[in-house]
Amino acid sequence: MRPQSWTDMSEGCFMPEEARCRAWSEAQLWNGSVVLHLRRHDPFFTVTDSMSDETDISHDQHAVRRQKLEELRAAGSDPFRANVKPTHFSAEAIAAHVEGEDNAITVTVAGRIVTRRDMGKSQFVKILDQEGIIQLYVKKDVIGEEVYPIFKKLDLGDFIGVTGTLFKTRTGEITVRAESYTLVTKALRPLPEKFHGLTDPDQRFRQRYLDLIVNKESRDRLITRSKIVSHIRRFLEDRNFLEVETPVLQGVAGGAAARPFDTHHNALGADFVLRISLELYLKRMLVGGFDRVFEIGRNFRNEGISRRHNPEFTMLEVYEAYGDYRTMMEMVQGMLRTLCDDVLGTSKITHAASGEEIDFAADWREVPYKDLIREKTGDAGWFDLSKEDKTAKAKELGCKVEADWEEFEITNEIFSKLIEPNLIQPTFVTHLPKELCPLAKLNLDDPSVLDVFELIIGGMEIAPAYSEQNDPDVQRAMFEAQAGGEQQNVDQDFLTALEHGMPPAGGMGIGIDRLCILLTGAESIRDVILYPQLRPEATSGKAES
RNA sequence: GGGUCGAUAGCUCAAUCGGUAGAGCAGUUGACUUUUAAUCAAUUGGUUCAGGGUUCGAGUCCCUGUCGGCCUACCA
């Protein structure tokens, strides 16, 4: 509040009224125009005016609302001690109206006031609840002579409950004719602008609640995300997959190559890391006799933040005993197609970045990794080239190549920079080089590649899947090669589990956030995560002032 | 982490060559009993992100910092 910020100011900054007048006057002398700038709306500037100015709070919306709250409390009604029992959500109430039968059905709806059109002795008000917006028509001679002036004092942002009958307005909007109302929460701060909403990305993410109130796209996008997750859960449960929860705090961060977050447990006196994948603990479930398991959970990777990366993100991982990467291929195709039908109501979406239409119902291309590389480089013998020749060719194609890279890294740079971004339609890229993943089975015919696929849609990797490695000795060798001699990074307990026997299995992961980017047409991962990670604010002032 | 662009009223945005910050919405007051970004009249509201510098004079130019966008790097 204002007086608070004044006390925060240093003595030197505080300027008494008379001194301020003097400063003003001096300022006017510089440009020669005197009276008009002194006080725009009051040429007869006097001491009494300056005093009344300090009690005028009409410019301070927070103060105005606090005063209204105090007036309500003084009159014996405290909005923070009131409640209502809604009978309908907004959408239900609208659906309940029977065409041609106005004022036949009585409902109680509740929500936040988001718009108001005041016409003197009646007004239209719209309230927002989880299901959307419903309009209220508040008429002085319906709601009551005494109540109406109090209703008019409500502010945008207040929560109210309203009971009344449903009718259709002249312009065709189903509306509640309010017979009574209850203020159930006073909003002490104003809402952002009704038409343009909130645009500052910083504020949208830090104060997501405001974004959700005023920006319908944000609201719809996050509802869609919820439906996507719900659909996936149902899809898997219908196929006998069991949802389980595995530890976030782990001794060794396995299942992916990423820097973890470090943390510490006080009572155990032990250091832990936050998980970077779900993989190794879900596979232990296969060892434990659960044939079909999945988890939808948060992973944490201590890396840079970008349009496609948030430090914490949600993964689905699915494991199916007696399956392989080919059964996973069928499953993910079925999952995404039904997802489009059920959640989006269409098999076609527009890829936001390219404008190209993606059709999930059409046949999905399947192509080996090596074929794509040969195609892109125009060199059928690419994989037989020397490292020097690969380097030269890659640079020719516009890739940067670091001196200490292995050959597969040069090749993969071509894939990730030149090929993947251009795979817009759903594409299964199969049989990746064995160096790219230590957890999958080698292909029987070509042991330089893996029995895996990566599903690419819209230029993004959406789902990798493997025929899971279950040979404990091969797995140990792969881990040790990857750890590069750092034994503490090898999950020994997992290898012991494999020695007890893990059935052959197909496994798959889906980055839920990236899937949501794709399906909602979002520009950034921050748009599909409710509270994306931001740098903590240095000053605590602004939000609470 | 590096590069680059940005931060002005509660919100959305203006401000010419460096000349002393203005509009819409919201708020306040008034009119209007079926409105749709309702309309009409009047009106309040500013530490121009913070701190320094140049200048008679800085929202504007320079430096430093904070936070954010985009690109990039680490990473699937």
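Below, all heavy atoms of this structure are taken into account, side chains as well, without hydrogens, waters or symmetry copies. First the proteins, then the strands, lettered A, B, ... as listed; each starts at 1.
- Between A:Arg259 and B:C75 there is no side-chain N or O to OP1 or OP2 distance below 4.0 Å.
- Going from the P atom of B:A26 to that of B:A37 covers 13 Å, rounded to whole Å.
- The side chain of A:Arg116 places an N or O atom within less than 4.0 Å of a non-bridging phosphate oxygen (OP1 or OP2) of B:G27.
- Separation of the P atoms belonging to B:A58 and B:U20 is 12 Å when rounded to the nearest angstrom.
- Residue A:Arg189 contributes atom CZ, which lies 15 Å from atom C1' of B:A26 at whole-angstrom precision.
- Considering only side-chain N and O atoms, A:Arg526 lies under 4.0 angstrom from the phosphate OP1 or OP2 of B:G69.
- As a whole-Å value, the separation of A:Glu303 CD from B:C74 P is 11 Å.
- At least one side-chain nitrogen or oxygen of A:Lys68 sits closer than 4.0 Å to the OP1 or OP2 atom of B:U28.
- Residue A:Gln135 places a side-chain atom within donor-acceptor reach of the base of B:U35, judged by atom type and a 3.5 Å distance cut-off alone.
- In this structure, B:C17 shows a glycosidic angle within 90 degrees of zero, which is the syn conformation.
- The neighbour count for A:Glu523 CD, taken as heavy atoms of other residues, nucleotides or ligands under 6.0 Å away, does not exceed 12.
- In this structure, A:Leu534 atom CG and B:G68 atom C1' are separated by 8 Å, rounded to whole Å.
- Distance from the side chain of A:Arg177 is smallest to B:U34 among B:C67, B:U34, B:U28.
- One finds no side-chain N or O of A:Arg308 lying less than 4.0 angstrom from the OP1 or OP2 phosphate oxygen of B:A73.
- Regarding contacts with the backbone of B:G68, a side-chain N or O of A:Arg206 is found under 4.0 angstrom from either OP1 or OP2.
- Picking from B:A37, B:C67, B:C75 the nucleotide with the shortest atom distance to the side chain of A:Phe195 gives B:A37.
- Consecutive pairing runs in RNA chain B reach the stem threshold at B:1-7 with B:66-72, B:10-13 with B:22-25, B:27-31 with B:39-43, B:49-53 with B:61-65, where a stem means at least three Watson-Crick or G-U wobble pairs with distances under 3.5 Å.
- An OP1 or OP2 oxygen of B:C11 is reached within less than 4.0 angstrom by no side-chain nitrogen or oxygen of A:Lys194.
- A:Thr115 comes within 4.0 angstrom of no nucleic acid atom, judged by non-hydrogen atoms across all strands.
- Side-chain atoms of A:Gln207 and A:Tyr209 include a donor-acceptor pair closer than 3.5 Å.
- In summary, of the residues considered (A:Arg206, A:Arg204, A:Glu312, A:Arg526), a side chain to side chain contact (heavy atoms under 4.5 Å, CB included) with A:Pro532 occurs for A:Arg526 alone.
- In this structure, CD of A:Glu461 is placed 15 Å from P of B:C75, rounded to the nearest angstrom.
- Taking atom C1' on both B:U8 and B:G59, the two are 7 Å apart, rounded to the nearest angstrom.
- With B:C32, B:U34, B:C75 as the candidates, the nucleotide lying closest to the side chain of A:Arg170 is B:U34.
- Separating the CD1 atom of A:Ile134 from the P atom of B:U35 is a distance of 18 Å, rounded to the nearest angstrom.
- Of the candidate nucleotides B:G27, B:A73, B:U33, B:G27 has the atom lying nearest to any side-chain atom of A:Ser58.
- To the nearest angstrom, P of B:G10 lies 17 Å from CG of A:Leu156.
- Comparing the same atom, P, in B:A7 and in B:C62 gives a spacing of 13 Å after rounding to whole Å.
- Aromatic ring pairs are classed by plane angle as parallel below 30°, tilted from 30° to 60° and perpendicular above 60°; the pair A:His431 and A:Tyr325 is perpendicular.
- Note on ring orientation: taking the six-membered ring where Trp is involved, the planes of A:Phe261 and A:Phe300 are perpendicular (angle over 60°, cut-offs 30° and 60°).
- When the C1' atom is used for both B:U29 and B:A14, the distance is 27 Å, rounded to whole Å.
- With no hydrogens or angles considered, a side-chain donor-acceptor pair links A:Tyr369 and A:Asn412 at under 3.5 Å.
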- Given A:Lys194 and A:Val114, is the side-chain contact (heavy atoms from CB on, under 4.5 Å) satisfied, shown in steps? CA-CA 8 Å; A:Lys194 64 181 171 186; A:Val114 288; over 6 Å; no
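- The salt bridge (charged side-chain N to carboxylate O under 4.0 Å, His left out) with A:Arg225 is formed by just one residue from the set A:Asp527, A:Asp513, A:Asp220; it is A:Asp513.
- Closest to the side chain of A:Met119, out of B:A37, B:C74, B:C32, is B:C32.
- With distances taken from any side-chain atom of A:Gln61 to the nucleotides B:A26, B:U33, B:U35, the minimum falls on B:A26.
- As rounded to whole Å, 10 Å separates atom P of B:U29 from atom CD1 of A:Ile57.
- In this model, the phosphate group of B:C13 is approached by a side-chain N or O of A:Thr199 to a distance below 4.0 Å at OP1 or OP2.
- Regarding contacts with the backbone of B:G68, every side-chain N or O of A:Gln203 stays at 4.0 angstrom or more from both OP1 and OP2.
- For the pair A:Gln475 (side chain) and A:Pro438 (backbone), a donor-acceptor distance under 3.5 Å is present.
- Taking only side-chain atoms of A:Lys417, from C-beta outward, the nucleotide of B:C11, B:A73, B:U34 with the closest atom is B:A73.
- Proximity of A:Arg65 to the phosphate of B:G27: no side-chain N or O atom is located under 4.0 Å from OP1 or OP2.
- Among the nucleotides B:U33, B:C75, B:G68, the one closest to any side-chain atom of A:Pro201 is B:G68.
- Nucleotide B:C11 holds its C1' atom 15 Å from the CG atom of A:Asp202, rounded to whole Å.
- Applying the side chain to side chain donor-acceptor pair (under 3.5 Å) criterion to A:Ser90, with sequence neighbours excluded, gives A:Asp129.
- Taking atom P on both nucleotides, B:G52 is separated from B:U60 by 14 Å, rounded to a whole Å.
- The shortest distance between the side-chain N/O atoms of A:Arg307 and the OP1/OP2 oxygens of B:G69 is not below 4.0 Å.
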